[in-house]
Amino acid sequence: MASSGITTVDQNNRKVVEVFVTEEELAVSLAKYTADLSDKFAKERGSFTVVVSGGSLIKSLRKLVEAPYVDSIDWSKWHVCWVDERVVPKDHPDSNYKLAFDGFLSKVPIPSGNVYAINDALSAEGAADDYETCLKHLVHTGVINKSSVSGFPKFDLMLVGMGPDGHVASLFPGHPLLKENQKWVTHITDSPKPPPGRITFTFPVINSSSYIALVVCGAGKASVVQTALRKSQNSDVFPVQMVSPEGELKWFLDKDAASKL
Ligand SMILES: O=C1O[C@H](COP(=O)(O)O)[C@@H](O)[C@H](O)[C@H]1O
C-alpha cells in the first residue's frame with residue numbers, strides 16, 4: 001500500500017484503513033472524526049460515551065484540545081471510561097488516568113462526574129469488579145447503551161491503541177483473558193508489560209461498540225499491522241485481530257506503521 005493519504009474500505013463499509021503521511025496529519029483527522037461522532041451522538045441520544053486507552057493514543061488526541069474543537073464540542077455530553085487501567089494510584093506515572101488527565105481531560109470542560117476512573121484503593125480483582133458495577137449502573141440509567149445483539153454495554157466510540165506485540169487494552173497475546181466471554185471488566189496480575197496489575201475491558205464489551213478507532217503509529221508496529229491487515233483472518237495470532245465491532249472499525253495508521261502493507 002502506498003503511504004500517502006490512502007483509504008481502503010471493506011465491502012460492508014465496516015472496516016476502514018486510513019494511512020497518513022505524518023502523525024501530525026493523523027492527529028488532525030482523528031480530532032475531526034471524534035468531533036463528528038460527538039455531534040452525532042449528542043444530538044441522537046443526549047450523551048456521548050467515549051472510551052480511551054493509555055499509551056501513545058493520548059498524545060494523538062492533542063488536536064481536540066485546540067481550536068476549533070476545544071470550543072465547538074459540547075463537552076458536557078461526554079462520558080469517559082478507560083478500556084484498561086493499571087492498578088496504581090491515580091497520581092502514579094504508570095496511571096492511564098493520569099496520562100489522560102494531564103494530556104487531555106484537564107484541558108476540556110467535561111464534568112468531573114462524567115469521568116469514570118477506577119477505585120485505586122482496591123486490589124486488581126476488586127477494582128475490576130467495582131468498575132463493572134459502575135458500568136452496570138451507567139447502562140441501567142441509560143447513559144451507556146446496551147447492545148441488543150450481545151447484551152454487553154455498547155459504547156459510542158472507543159479510541160484504542162495497540163502495543164508492538166499486538167495487544168489491545170490489557171489483553172495480551174496468548175493470555176487466557178482473550179477468551180473471557182462473561183465478564184464486562186476483568187483483571188490481570190501477570191501482565192507481560194509492567195505494571196503487572198491491571199484491569200481491562202473484555203472482548204465482548206470492546207466488540208459491542210458502535211465505533212472503534214484503532215490508532216497505530218511507528219515502525220515498531222509495522223509487522224503486526226501487516227499480519228492483522230494482510231494475512232488470513234482465520235487465525236487470530238494477535239489480540240488486535242480480535243477487534244471486530246458491531247459497528248465501524250477505523251484504523252488510523254501513520255506511514256511508518258503502514259510501511260509493510
Ligand atoms: O500498556 C498499555 O499499552 C497499550 C499500547 O501502548 P502504546 O504506548 O504502545 O500505544 C495501550 O493501548 C494500553 O492502554 C496501555 O495500558
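Since the model is a prediction, treat every value here as computed from it, not as a measurement. Both counts, for ligands and for their atoms, begin at 1 and track the order of listing.
A distance-only check finds no donor-acceptor pair linking the side chain of S60 to the backbone of A27 [under 3.5 Å].
In this structure, CG in D39 is found 10.5 Å from NZ in K77, a value given to the nearest 0.5 Å.
With respect to E85 and K90, no salt bridge is recorded, no charged nitrogen being found less than 4.0 Å from a carboxylate O. Comment: E44 engages K40 in a salt bridge, judged by a side-chain N to carboxylate O separation of less than 4.0 angstrom.
Ligand 1 has no N or O atom lying under 3.5 Å from any N or O atom of S170, backbone or side chain.
Just one of K255, R62, K63 meets the salt bridge (charged side-chain N to carboxylate O under 4.0 Å, His left out) condition when paired with E23; it is R62. Partner of S170 under the side chain to side chain donor-acceptor pair (under 3.5 Å) criterion, chosen from D84, T186, T200: D84.
Within ligand 1, the atoms closer than 4.0 Å to a non-hydrogen atom of R198 are 1 (O), 2 (C), 16 (O), numbered from 1 in the order shown. Residue S56 has at least one heavy-atom neighbour below 4.0 Å for each of these atoms of ligand 1: 7 (P), 8 (O), 10 (O). Shown in contact with D84 at under 4.0 Å from a heavy atom are these atoms of ligand 1, numbered in order with element: 13 (C), 14 (O), 15 (C), 16 (O). Interface of H167 with ligand 1, defined as ligand atoms under 4.0 Å from a residue heavy atom, comprises 1 (O), 2 (C), 3 (O), 4 (C), 5 (C). Those atoms of ligand 1 with a heavy atom of G163 less than 4.0 angstrom away are 5 (C), 9 (O).
The protein non-hydrogen atom at the shortest distance from atom 1 (O) of ligand 1 is R86 NH2, 2.9 Å. Distance from atom 9 (O) of ligand 1 to its nearest protein heavy atom, with residue and atom name: K221 NZ, 2.8 Å. Summary of contacts: the protein heavy atom closest to atom 2 (C) of ligand 1 is K193 NZ, 3.3 Å.
Between F201 and Y131, the ring-plane angle classifies as tilted under the 30° and 60° cut-offs.
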* Going through the distances and angles, do R45 and D156 end up as a salt bridge (Lys or Arg N to Asp or Glu O under 4.0 Å)? -> CA-CA 10 Å; R45 49 185 301 268; D156 299 330; 2.8 Å; yes
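The proximity of V160 to ligand 1, defined as any non-hydrogen pair under 4.0 Å, does not occur for either the backbone or the side chain.
Residue E85 places no heavy atom under 4.0 Å from ligand 1.
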